[in-house]
Amino acid sequence: MEFPVKPGEYDAMNYIPHTESHGTKELWKTFWILLGITIFDFIIYFWLDPSGFRNFIFIFFGIVKAYYIVGAFMHLKHEKINLALIILVPTIFIIGLIMGLLYEGNAITWMK
Amino acid sequence: MANSTQAAFEKQPMWAGGRSPFNVSYGKLMMWIFLLSDAFTFSSLLVQYGAQRFSNVVSPVTTKWPDPASIFNHFPFIHGVHLPLLFVSVMTFILIASSVTMVLAVEAGHRNSRKEVEKYMILTIIGGAMFLGCQAWEWYTFIHEGARLHSNMFGITEQGYAHLSKIDFGDPFHWADGDRTNGPVPFAALFFIVTGFHGFHVFSGVVINVVVYIMTVRGVFEKRGHYEMIEKAGLYWHFVDLVWVFVFTFFYLI
């Protein structure tokens with residue numbers, strides 16, 4: 001293995017990658033998408049009666065919003081895939097926990 | 001720090017140590033790790049909320065989970081009118097807008113434009129403060145209506161259901177006698193805990209933004225040659241917005 005830089009000469013502790021502006025176009029686009037989804041949620045809320053389908057729409061668009069906030073605003077889309085994966089993969093397990101506990105919670109209803 | 005040194009640094013063997021395998025600075029990586037742990041904190045609160053809510057879905061009516069539309073239906077300066085979701089939508093808009101000004105500050109930081117960073121940081125701080133004000137009003141109204149951490153006055157009776165199902169958006173609204181009874185306790189408790197925890201995060205975010213703004217004004221980042229601190233504060237601020245997306249979905253929409 002080759003080490004072009006000797007340890008201590010320039011190390012990870014004071015490494016600041018050079019960043020460049022990519023313009024504000026993507027950011028404003030994301031803003032309009034987020035605003036649009038919020039208004040859409042508002043319309044759906046009064047348009048449809050409460051149902052599992054309506055809840056599915058809300059959760060689905062909540063996840064879409066999360067994608068845009070994390071991807072564009074928090075810049076994770078443009079980071080190395082390594083970093084994106086260590087952030088995103090653990091959160092998959094949360095989904096499993098939610099599914100499991102909602103099922104159990106529902107079962108408790110019938111035990112009461 | 002010559003550019004050639006940095007380029008060589010990024011070409012070192014990825015996992016052999018002495019470099020960042022993620023091509024981000026130490027501080028930013030640690031901010032991401034902190035946000036991941038914070039995501040788990042909020043997830044555990046929301047999972048708790050979901051389990052409690054799903055365990056109170058059927059009759060008898062008194063143990064049923066209250067309908068958020070019948071409770072969070074107030075708007076400042078408009079009294080006695082049924083306006084569900086309107087006020088939280090305004091709060092959501094404020095938070096999204098302050099997220100945008102934050103990301104514009106980050107972008108200005110990439111161009112080393114100190115004046116613009118200052119302008120956008122001020123706007124972000126104002127947005128955060130407005131959101132906190134809205135949340136204080138929301139809590140004040142909810143407590144005024146009789147909500148407490150250890151009890152829930154929003155169990156709705158059969159009569160209450162009949163009464164509430166008839167009102168539409170914008171109708172005059174007030175609770176009649178016999179509409180309400182004691183309901184599932186976790187309803188108000190979890191509302192206070194989760195929105196309180198989120199509100200505390202917003203408060204910390206505003207404090208961090210104020211500190212970063214003062215550092216910008218004093219030229220600390222200009223001397224340092226880069227505005228990375230804005231990015232780190234920005235990551236935290238967007239995370240707070242992200243959490244609000246889910247609080248908004250689970251506490252108000254569903």
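Because the structure is a prediction, the values reported are computed rather than measured. Letters A, B, ... are given to chains in the order of the sequence lines, protein chains preceding strands, and every chain is numbered from 1.
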Exercise. With a 6.0 Å cut-off on ring centres, are F72(B) and F87(B) close enough?
Worked result: no

Part of [X] lying under 4.5 Å from any heavy atom of chain A:
| X | answer |
| --- | --- |
| F239(B) | both |
| H226(B) | side chain |
| L253(B) | both |
| A69(B) | both |
| Y49(B) | neither |
| Q52(B) | neither |
| E228(B) | side chain |

Problem set entry | Residue pairs passing the salt bridge (Lys or Arg N to Asp or Glu O under 4.0 Å) test where at least one lies in residues 31-58 of chain A, sequence neighbours excluded | none

Exercise. Taking only residues at least two apart or on different chains, which pairs with a member in residues 64-84 of chain A satisfy salt bridge (Lys or Arg N to Asp or Glu O under 4.0 Å)?
Worked result: E26(A)-K77(A), E79(A)-K28(B)

Please look at [X] and chain B and tell me whether the side chain, the backbone, both or neither of the residue comes under 4.5 angstrom of a heavy atom of that chain.
| X | result |
| --- | --- |
| F31(A) | both |
| L83(A) | both |
| T38(A) | side chain |
| I37(A) | neither |
| P50(A) | neither |
| I39(A) | neither |
| F73(A) | both |

Exercise. Parallel, tilted or perpendicular for F169(B) and F42(A), by the 30°/60° rule?
Worked result: perpendicular

Exercise. Should the pair W65(B) and F187(B) be assigned to parallel (<30°), tilted (30 to 60°) or perpendicular (>60°) ring geometry?
Worked result: perpendicular

Exercise. Most heavy-atom pairs under 4.5 angstrom with chain A, which of F22(B), F246(B), F93(B)?
Worked result: F22(B)

Exercise. More than 12 heavy atoms of other residues, nucleotides or ligands under 6.0 Å from CE of M130(B): is that the case?
Worked result: no

For this session: For residues V88(B) and W244(B), determine if any side-chain heavy atom of one lies less than 4.5 Å from a side-chain heavy atom of the other.
Result: yes

Exercise. Can you pull out the residues in residues 94-103 of chain B with any heavy atom less than 4.5 Å from chain A?
Worked result: I96(B), A97(B), S99(B), V100(B), V103(B)

Exercise. Of all residues at least two apart in sequence or in a different chain, which pass the salt bridge (charged side-chain N to carboxylate O under 4.0 Å, His left out) check with E118(B)?
Worked result: R114(B), K115(B)

